[in-house]
Amino acid sequence: MQNDWVFAALYGTIATFFIWLLQNNIKAIMRKKGRCSPGRCSLLDLFKRPDKKPENEDLRHE
C-alpha cells in the first residue's frame with residue numbers, strides 16, 4: 001500500500017509540472033497574438049474575444 005502512495009505522488013508531481021509548462025506556453029502564445037499584456041495575463045483571457053479593429057481605419061486618418 002505504501003508503494004502506491006510513492007508512485008501516486010511521483011505521477012502527480014510530473015503531471016503538475018507538465019500542466020505548468022502547458023499554461024506557460026499558452027500564455028506566451030496569447031502574448032504574441034496580443035490578447036493580453038506582458039505584465040498581466042490569465043488563462044481566462046483565452047476565452048475573451050480580441051478587440052475588433054475597424055476595417056477602414058486608414059481612411060479616417062487621411
Side-chain angles (χ1 to χ4, degrees):
M1 184 77 173
Q2 282 188 334
N3 290 339
D4 293 340
W5 287 105
V6 172
F7 286 119
L10 178 66
Y11 289 142
T13 304
I14 292 171
T16 304
F17 176 71
F18 279 108
I19 290 171
W20 178 76
L21 284 176
L22 178 66
Q23 67 111 18
N24 280 343
N25 287 337
I26 290 171
K27 285 181 180 182
I29 290 170
M30 288 172 47
R31 281 187 201 112
K32 185 175 181 181
K33 288 185 176 182
R35 283 194 164 183
C36 59
S37 64
R40 184 183 103 8
C41 187
S42 71
L43 291 178
L44 296 177
D45 292 334
L46 180 65
F47 302 109
K48 293 181 182 176
R49 289 187 176 185
D51 295 336
K52 272 191 167 180
K53 295 180 182 177
E55 294 176 11
N56 54 1
E57 185 176 310
D58 294 334
L59 298 176
R60 292 183 190 177
H61 296 298
E62 291 180 3

(message) With side chain to side chain contact (heavy atoms under 4.5 Å, CB included) as the test, pick out the partner of I26 among L22, N24, I29.
(response) L22
(message) Using the rule that Ile, Leu, Val, Met, Phe, Trp and Tyr join whenever any side-chain heavy atoms are under 4.5 Å apart, tell me whether I14 and F17 fall into a single cluster.
(response) yes
(message) I'd like to know if L10 and L21 are part of one continuous hydrophobic network [Ile/Leu/Val/Met/Phe/Trp/Tyr, side-chain heavy atoms within less than 4.5 Å].
(response) yes
